[in-house]
Student: 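This is the structure I want to talk about, given as structure tokens.
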Amino acid sequence: MAIDKDSSKRPANTAFKQQRLKAWEPILTPGPVIIAFIVIGIVFIPIGAAIINASNKVLEHVIRYDDNPNCQLGQKCTINYTLPTEMESPVYLYYKLDNFYQNHRRYVKSRNDDQLRGIEVTDFSKLKDCEPLITTDGSEDVNKILVPCGLIANSVFNDSISLADASGNLINLTKKGIAWQSDIDKKFKNYPENGVGVINFSNFEDEDFIVWMRTAALPDFKKLYRIYHGENGPLSGTIQIRIDNKYPVASFDGKKYVVLSTTSWIGGKNPFLGYAYIIVGIICFVQGVVFAIKHKISPRVLGSPKYLEWNK
């Protein structure tokens with residue numbers, strides 16, 4: 001039975017579709033492999049050392065406050081903290097939470113992006129991802145739709161943190177610039193004040209809210225809260241950390257911290273990448289040397305490339 005050319009699934013007889021295009025494939029003989037391993041080691045080890053050096057220059061101070069007897073839930077407190085060295089601006093103020101699983105699948109998907117862009121959403125099929133917090137009473141009454149809906153938006157970190165110098169004068173901190181600009185421009189727009197639903201919060205362009213809505217990948221995380229640009233010079237000596245403790249963490253055995261940090265060209269304090277580069281570099285260099293010794297003592301007889309199929 002003849003096959004109709006129009007209905008045949010056979011690819012056209014071209015160099016591209018029949019995989020006859022010219023290509024280059026390296027032949028991994030011992031010489032190039034040994035050189036590659038040694039070069040990788042020589043390159044990676046200094047890079048790792050530079051990253052660790054940059055990380056060590058970052059000043060970071062982590063202060064836990066939820067276990068302070070004078071700073072219990074519902075209380076306002078002041079923690080005096082002495083900086084051992086000056087912190088040149090910019091200084092970044094973070095809050096840090098431990099044992100909070102923002103990466104849980106049900107938590108991560110519990111949001112409605114159209115609503116967060118300021119669009120009134122009344123179709124409950126589109127609000128399904130916000131479960132279990134879609135309406136105030138679990139009904140399908142559009143007038144009882146939560147704004148914003150979902151677990152993420154309704155668990156926003158709400159402790160207030162400020163800094164003052166030893167004399168009690170407030171240190172000027174700015175909130176502008178703590179969120180990603182792409183999030184501010186494209187993902188979050190204020191909800192109409194007279195929009196449908198029970199509006200608990202409509203200022204979706206608030207950068208504290210935007211920072212919280214970008215969920216963390218690990219259960220222990222820190223999020224940028226404020227930035228000190230150095231209007232009064234470097235931070236030094238004793239500073240007052242003023243906290244209004246409102247965010248409960250006892251139910252999930254969580255911990256709360258204030259983090260003060262400077263940055264370097266690699267960002268915050270994180271030596272892991274540097275150690276990874278050094279370890280990989282050492283492994284590659286040692287392997288290259290071992291292979292070179294092995295190849296020198298008992299070299300393997302190689303076949304001639306002329307017998308490869310593409311040379312026939």
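We use all heavy atoms of the structure for the numbers below, so side chains are in, but hydrogens, waters and symmetry mates are not.
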Student: I would like to know whether Tyr257 and Tyr65 meet ring-ring contact (aromatic ring centres under 6.0 Å, His included); could you show each step before the answer?
Tutor: CA-CA 6 Å; Tyr257 306 83; Tyr65 64 90; 8.1 Å; no
Student: The criterion is side chain to side chain donor-acceptor pair (under 3.5 Å); which residues satisfy it with Arg64, sequence neighbours excluded?
Tutor: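 Partners of Arg64 by the side chain to side chain donor-acceptor pair (under 3.5 Å) criterion, ordered by chain and then number, come out as Asp66.
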Student: If you compare all heavy atoms of Ser155 against all heavy atoms of Trp212, which two are closest, and at what distance to 0.1 Å?
Tutor: O-CZ2, 3.0 Å
Student: Output yes when Lys175 and Asp208 qualify as a salt bridge under the 4.0 Å nitrogen-oxygen rule, no when they do not.
Tutor: yes
Student: Strictly below 4.0 Å, N to O, side chains only: are Lys187 and Asp113 in salt-bridge contact?
Tutor: no
Student: Between Gln115 (side chain) and Val147 (backbone), is there a donor-acceptor pair under 3.5 Å?
Tutor: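 Absent.
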Student: Do Arg214 and Trp180 make a side-chain contact, defined as non-hydrogen atoms from C-beta onward lying under 4.5 Å apart?
Tutor: yes
Student: Would you give me the side-chain donor-acceptor pairs under 3.5 Å for residues 275-295, sequence neighbours excluded?
Tutor:
from, atom 1, to, atom 2, distance (Å)
Lys294, NZ, Ser298, O, 3.3
Lys294, NZ, Ser298, OG, 3.4

Student: Considering residues, nucleotides and ligands other than Gln19, do more than 12 of their heavy atoms fall under 6.0 Å from its CD?
Tutor: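 No, CD of Gln19 has 12 or fewer neighbouring heavy atoms, counting only those of other groups under 6.0 Å.
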Student: Which residue in the set Thr136, Thr135, Asp137 passes side-chain hydrogen bond (donor to acceptor under 3.5 Å, both in side chains) when paired with Lys144?
Tutor: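 So the option named by the test is Asp137.
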Student: Only one of Lys246, Lys223, Lys256 clears salt bridge (charged side-chain N to carboxylate O under 4.0 Å, His left out) with Asp159; which?
Tutor: Lys256
Student: Would you check if Thr263 and Val58 make a side-chain contact, meaning some heavy-atom pair closer than 4.5 Å?
Tutor: no
Student: Using only heavy-atom distances, determine whether the side chains of Gln240 and Arg242 contain a donor-acceptor pair under 3.5 Å.
Tutor: yes
Student: Does NZ in Lys255 sit with more than 12 non-hydrogen atoms of other residues, nucleotides or ligands closer than 6.0 Å?
Tutor: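 No, not enclosed.
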Student: Does a sphere of radius 6.0 Å around CZ in Arg20 hold more than 12 heavy atoms from other residues, nucleotides or ligands, not counting ones at 6.0 Å or beyond?
Tutor: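 Above 12, so yes.
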Student: Any side-chain heavy atom of Ile152 sitting closer than 4.5 Å to one from Thr215?
Tutor: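 Counting from C-beta outward, Ile152 and Thr215 do come under 4.5 Å.
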Student: Quick check on Lys76: does its NZ atom have over 12 non-hydrogen neighbours (other residues, nucleotides or ligands) under 6.0 Å away?
Tutor: no
